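Note that this is a predicted model, so its numbers are computed, not measured.
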Amino acid sequence: MLPIPAEELNGSGTLGPYWTFYRAVASEQLSRWLPQSPSTILDLSRGQGRWSAQAARAGHRVVEMIDFRKALDGQSPLRDADRIRRVRADDLRFLPDCSVDAVLAEDRAMSLELMAESVMSDIARVLRPGGRALVCVDSLVLGMAILAEQNFWAHLRQTGEVMLVPWPDGSITRCFSSAQLRDLLAEAGLKVEWVRPRTVLSPSTVDHVLASDSRALNWLVRTELEAHPDDDDTVGIHLVASAIKA
């Protein structure tokens, strides 16, 4: 799969069919991952309530953490508000040890935390034994593509180290190989269940199939989720991992 240009990553470029497919894969993946019984879930994602709403619709109680630096203006009113509690904070000190059943760190949340080790340790602290975390990060494939676009060729030789990638908008994200993501989770005391690219089907393949038959979206999603490219960080702009606290 060829890296997606940086200007497409916010979903506003020309890859509309691919992003429709991507969001459908992420939603179905979360549905399959969520606990089967009603649980307390901490949402550290950046989906402006999207992940929390899906978990709440599935019958879970959700604590959605909002960065104190970010305004809530423009966010849609909460549905299932009786199941979702928004907390404005910049760390997890407001939560006691072993207080949640699951943690969502979707939508590249850990890549935006340059000190991801500290955040992951806190995630492990608040998880109950047997609790699970779902983590999404930017991949090295994406990081190298963005560096190449900006002609930062010297940085491309540093893939064995922490890769901090400057974006054209001035932000910085941290990109991971599958081994680095496994290490991040294991060093926090979590047992890794699996690591995989979010998608392995290329934008061109998705666009071709959906252009031929718009009803093929569900088939494409099933095909994606039935693939098992564990630890394959040579494809995909994002990596997703599931880990459990023993």
Side-chain angles (χ1 to χ4, degrees), residues 1-27 29 44-48 50-51 67 69-70 104-120 133-185 187 194-208 224 227 229-242:
M1 174 178 174
L2 293 176
I4 295 174
E7 62 268 19
E8 297 283 1
L9 290 174
N10 61 5
S12 61
T14 60
L15 298 179
Y18 175 77
W19 288 116
T20 297
F21 161 75
Y22 181 103
R23 287 188 287 268
V25 168
S27 177
Q29 195 170 54
L44 305 179
S45 310
R46 303 171 49 253
Q48 294 188 334
R50 177 161 58 99
W51 309 102
D67 191 320
R69 294 162 290 192
K70 303 293 180 61
L104 300 179
E106 264 286 3
D107 207 11
R108 309 167 52 235
M110 286 299 102
S111 279
L112 296 177
E113 295 286 350
L114 301 187
M115 297 301 295
E117 288 82 0
S118 176
V119 178
M120 194 58 64
L134 186 68
V135 179
C136 174
V137 297
D138 289 340
S139 71
L140 285 185
V141 170
L142 174 60
M144 289 189 288
I146 294 173
L147 289 175
E149 285 181 359
Q150 300 179 74
N151 295 317
F152 291 154
W153 302 109
H155 295 71
L156 295 176
R157 296 193 296 268
Q158 301 176 11
T159 56
E161 305 171 6
V162 172
M163 178 179 277
L164 301 179
V165 177
W167 285 59
D169 64 3
S171 63
I172 297 176
T173 64
R174 182 171 170 180
C175 297
F176 293 80
S177 68
S178 60
Q180 289 168 338
L181 181 53
R182 282 183 172 273
D183 288 345
L184 175 71
L185 297 165
E187 288 170 6
W194 48 260
V195 177
R196 59 158 292 160
R198 162 114 312 150
T199 63
V200 296
L201 296 178
S202 69
S204 59
T205 298
V206 172
D207 186 58
H208 174 74
E224 179 67 64
D230 291 355
D231 280 329
D232 185 354
D233 53 13
T234 63
V235 297
I237 57 174
H238 301 137
L239 296 175
V240 187
S242 177

Student: Report the C-alpha distance between V195 and V240 in whole Å, list the side-chain angles of each, state the deciding distance to 0.1 Å, and finish with yes or no for side chain to side chain contact (heavy atoms under 4.5 Å, CB included).
Tutor: CA-CA 6 Å; V195 177; V240 187; over 6 Å; no

Student: Rounded to the nearest 0.5 Å, what separates atom CG in D138 from atom CG in L239?
Tutor: 9.0 Å

Student: Flag the pair E113 and R108 as a salt bridge only when some basic side-chain nitrogen lies within less than 4.0 angstrom of an acidic carboxylate oxygen.
Tutor: no

Student: So do T173 and P166 actually touch side chain to side chain, heavy atoms under 4.5 Å?
Tutor: no

Student: Rounded to the nearest 0.5 Å, what separation is found between the CH2 atom of W51 and the CG atom of L104?
Tutor: 8.5 Å

Student: Kindly compute the distance separating OG (S177) from CG (D183), expressed to the nearest 0.5 Å.
Tutor: 7.5 Å

Student: Is the shortest heavy-atom distance from the side chain of V206 to the side chain of Y22 under 4.5 Å?
Tutor: no

Student: Does the S171 side chain pair with the main chain of W167, one donor and one acceptor, at a distance under 3.5 Å?
Tutor: no

Student: For S204, what residues pass the side-chain hydrogen bond (donor to acceptor under 3.5 Å, both in side chains) criterion, not counting sequence neighbours?
Tutor: S202

Student: Closer than 4.0 angstrom, basic N to acidic O: yes or no for R196 and E224?
Tutor: yes

Student: How long is the straight-line distance from SG of C175 back to CG of L164, given to the nearest 0.5 Å?
Tutor: 8.5 Å

Student: Examine distances only and state if a side-chain atom of S111 and a backbone atom of R174 form a donor-acceptor pair shorter than 3.5 Å.
Tutor: yes

Student: Just so I know, are the side chains of E117 and L184 near enough to count as touching, which here means a heavy-atom distance under 4.5 Å?
Tutor: yes

Student: V135 versus L185: any side-chain heavy-atom pair under 4.5 Å?
Tutor: yes

Student: So, taking the atom named CZ in F176 and the one named CE in M110, what distance separates them when rounded to the nearest 0.5 Å?
Tutor: 8.5 Å

Student: Nearest 0.5 angstrom please: Y18 OH to L201 CG, how far?
Tutor: 8.5 Å

Student: Go through the steps for M120 and E187 under the test side chain to side chain contact (heavy atoms under 4.5 Å, CB included), then give the verdict.
Tutor: CA-CA 9 Å; M120 194 58 64; E187 288 170 6; over 6 Å; no

Student: Between S139 and I237, is there a donor-acceptor pair closer than 3.5 Å when you use the side chain of the first and the backbone of the second?
Tutor: yes

Student: In the structure I gave you, are the side-chain heavy atoms of M163 and Q180 within less than 4.5 Å of one another anywhere?
Tutor: no

Student: Please enumerate all residues that pass side chain to side chain contact (heavy atoms under 4.5 Å, CB included) together with A109, with sequence neighbours excluded.
Tutor: A105

Student: Could you tell me whether the side chain of L114 reaches within less than 4.5 Å of the side chain of I172, counting heavy atoms only?
Tutor: yes

Student: Within the structure provided, determine whether E106 and L44 are in side-chain contact (heavy-atom separation under 4.5 Å).
Tutor: no

